[in-house]
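One structure is given here, and the rest of the page talks about it.
Bear in mind that the values here come from a model prediction, so they are computed numbers and not experimental data.
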Amino acid sequence: MVQRTNKVLLIYTGGTIGMGLNPDTNALEPLDFNHLVKKLPEFSYLETDIDIYQFNPAIDSSDMSPAMWAQLVTIISERYNRYDGFVILHGTDTMAYTASALSFMLENLTKPVILTGSQLPIGLLRTDGKENLLTSIELASHAKADGTAMVPEVCIYFSGVLLRGNRSTKKNADGFSAFESFNYPHLCDAGVNFVFHEHHILQPDFSKPMAAHTAMNSNVVVFSLFPGIEENIVHHVLDAPELRSIVMRTYGSGNAPKTPWIMHLLEKAAARGVTIVNISQCISGSVEMERYDTGYQLKQIGVVTGYDSTVEAAVTKLMYLQAIYDDSTTIRRMMNRSIAGEITITE
């Protein structure tokens, strides 16, 4: 039996959920989240104790950075044995990036780390924040009969669905159903009851400790193809001496135009050790570079497939790998492996 602490740590980074309306400007601004929690009588019905860690100052998620991911990893790792799970309150704009990054940085995670937030501040009448917050806490404290966590991975919970963090992307700027994992099933559907889809949930080695990583190397660029793309602009981007990797968003199942200059610049970058990862611009589906000749040509010049990866997962996985490995050969090989359930490999 795994020893339970009956406690969950709530980490408030910022975001809409903890904001209030400034009466002078009518603009939303961060409030003291401890003060807001005291106004939530629902907390007294939870069957787990809650501690709160608050970023000071609270940040807008647009300002999220690898340094702040490292801070989150440190907060969790230093308190890992004191809590059954962790809930991170986070702005929605970069939530999928943070969830993806943490999934790699928290190696062999054996406890839930659930990111959530809201589209309306928690103090407003029609807020979605209360349900998202309370359900996330319940999910973070949920365990199997042997005491191990029901969902021992980094997740996003929003509007009734629990999603794998590194499979998630923000799909709606206005609706309450803000996130989806288009290429992976839900881990849990939260209706009247929790319906866990256990065969889709990661199962770590509970006998081994969690290993925290805080270093990230962000010398990566996202490069989207489009009709009419200009050679000179692409040339300047790909020639940057600091550049170590490219997430290239191609058409359909991984296709690019056969324009000679594009192939030449990509081949030149790959030859000097830049890792180029091919992911689709489509929100659903996977890259199959062997399907069409245009994709096959990319494979021939050293571009590696990103399978069904999201942009967020591909970018943060490269940052993580670049901080560990110096050689591009190893990074390319690791990009074709599922490290934390971020891609589906059918080969």
Could you measure the distance from the OG atom of S118 to the CG atom of L133? Nearest 0.5 Å is fine. 9.0 Å
By salt bridge (Lys or Arg N to Asp or Glu O under 4.0 Å), which residues pair with E312, not counting sequence neighbours? none
Please round to the nearest 0.5 Å and tell me the distance separating atom CG of D51 and atom OH of Y83. 3.5 Å
Pairwise side-chain contact, M105 with L72, heavy-atom cut-off 4.5 Å (strictly under): no
V303: which other cluster members, linking ILVMFWY side chains closer than 4.5 Å, directly or transitively? V221, F223, L225, F226, I229, V234, V237, L238, L243, I246, M248, Y251, W261, I262, M263, L265, L266, V274, I276, V287, M289, L298, I301
Quick one: does L109's side chain get under 4.5 Å of Y80's, heavy atoms only? yes
So the salt bridge (charged side-chain N to carboxylate O under 4.0 Å, His left out) pairs with at least one residue in residues 324-341 (sequence neighbours excluded) are none
What residues form a salt bridge (Lys or Arg N to Asp or Glu O under 4.0 Å) with D189, not counting sequence neighbours? none
Tightest non-hydrogen contact, residues P152 and I201, listed as CD-CG2, 3.8 Å
Any pair with a residue in residues 97-119 that passes salt bridge (charged side-chain N to carboxylate O under 4.0 Å, His left out), sequence neighbours left out, goes on the list, sorted by first then second residue, please. none
Has N132 got a side-chain atom pairing as donor or acceptor with G117's backbone, closer than 3.5 angstrom? yes
Within residues 74-96 or reaching into it, pairs that qualify as salt bridge (charged side-chain N to carboxylate O under 4.0 Å, His left out) - sequence neighbours excluded: R4-D84, D93-K170
Would you confirm whether the ring centroid of F104 sits within less than 6.0 angstrom of the ring centroid of H213? no
Separation between CD (E198) and CG (L187), nearest 0.5 Å, reads 11.0 Å
Within the 4.5 Å heavy-atom criterion, are L102 and I88 side-chain neighbours or not? yes
Nearest heavy-atom approach of A58 to G14 is CB-CA, 3.9 Å
Is V222 reachable from V304 through a run of hydrophobic residues whose side-chain heavy atoms are each under 4.5 Å from the next? yes
How about H186 and E180: do any of their side-chain heavy atoms sit closer than 4.5 Å? yes
Apart from F182 itself, its cluster of hydrophobic side chains linked below 4.5 Å comprises I283
Are side-chain heavy atoms of N166 and V154 found at a separation under 4.5 Å? no
Measure the NE2-SG distance between H142 and C188 for me, rounded to the nearest 0.5 Å. 8.0 Å
Check I114 against A140 and note the closest heavy-atom contact, atom names and distance. CD1-N, 3.6 Å
Exactly one of N183, T344, T310 should register a side-chain hydrogen bond (donor to acceptor under 3.5 Å, both in side chains) with R167. Which one does? T344
Same cluster or not: I156 versus L202, using hydrophobic residues (I, L, V, M, F, W, Y) connected whenever any side-chain heavy atoms lie under 4.5 Å apart? no
Any salt bridge (charged side-chain N to carboxylate O under 4.0 Å, His left out) pairs touching residues 218-241, not counting sequence neighbours? D239-K268
Enter the distance from F158:CZ to L115:CG here, rounded to the nearest 0.5 Å. 10.5 Å
Indicate, with yes or no, if I324 and M216 share a hydrophobic cluster defined by side-chain heavy-atom contacts under 4.5 Å among Ile, Leu, Val, Met, Phe, Trp and Tyr. yes
Taking the side chain from S103 and the backbone from S100, do they hold a donor-acceptor pair closer than 3.5 Å? yes
R164 side chain vs H200 backbone, donor-acceptor pair below 3.5 Å: yes
Hydrophobic cluster (4.5 angstrom, side-chain heavy atoms) - remaining members for F206: none
Considering only heavy atoms from C-beta outward, does the side chain of T148 approach that of T110 to under 4.5 Å? no
Linking I/L/V/M/F/W/Y whenever any side-chain heavy atoms sit under 4.5 Å apart, do Y53 and M68 land together? yes
Does the side chain of I339 come within less than 4.5 Å of L321's, by heavy atoms? yes
Please tell me whether L10 and L46 are part of a single hydrophobic cluster in this structure, the criterion being side-chain heavy atoms less than 4.5 Å apart. yes
Counting N and O atoms only, with roles assigned by atom type, does the side chain of T94 sit under 3.5 Å from a partner on the main chain of S61, one being a donor and the other an acceptor? yes
Return the set of residues passing salt bridge (Lys or Arg N to Asp or Glu O under 4.0 Å) with E288 (not counting sequence neighbours), or none when no residue passes. R291
If we ignore hydrogens and angles and just use 3.5 Å, is the side chain of T116 paired with the main-chain N or O of L89 as donor and acceptor? no
I'd like to check L139 versus V151 (side-chain heavy atoms, cut-off strictly below 4.5 Å). Are they in contact? no
Spacing of M334 atom CE and I331 atom CD1 [to the nearest 0.5 Å]: 10.0 Å
Say whether E342 and Y184, considering side chains only, have a donor N or O and an acceptor N or O under 3.5 Å apart. no
Give me each pair satisfying ring-ring contact (aromatic ring centres under 6.0 Å, His included) with a member in residues 265-290, each pair once, sequence neighbours excluded. none
I need the full list of side-chain hydrogen bond (donor to acceptor under 3.5 Å, both in side chains) pairs touching residues 273-283, with sequence neighbours left out, sorted by first then second residue. T250-N278
Side-chain donor/acceptor of N6 to backbone N/O of D49, under 3.5 Å: no
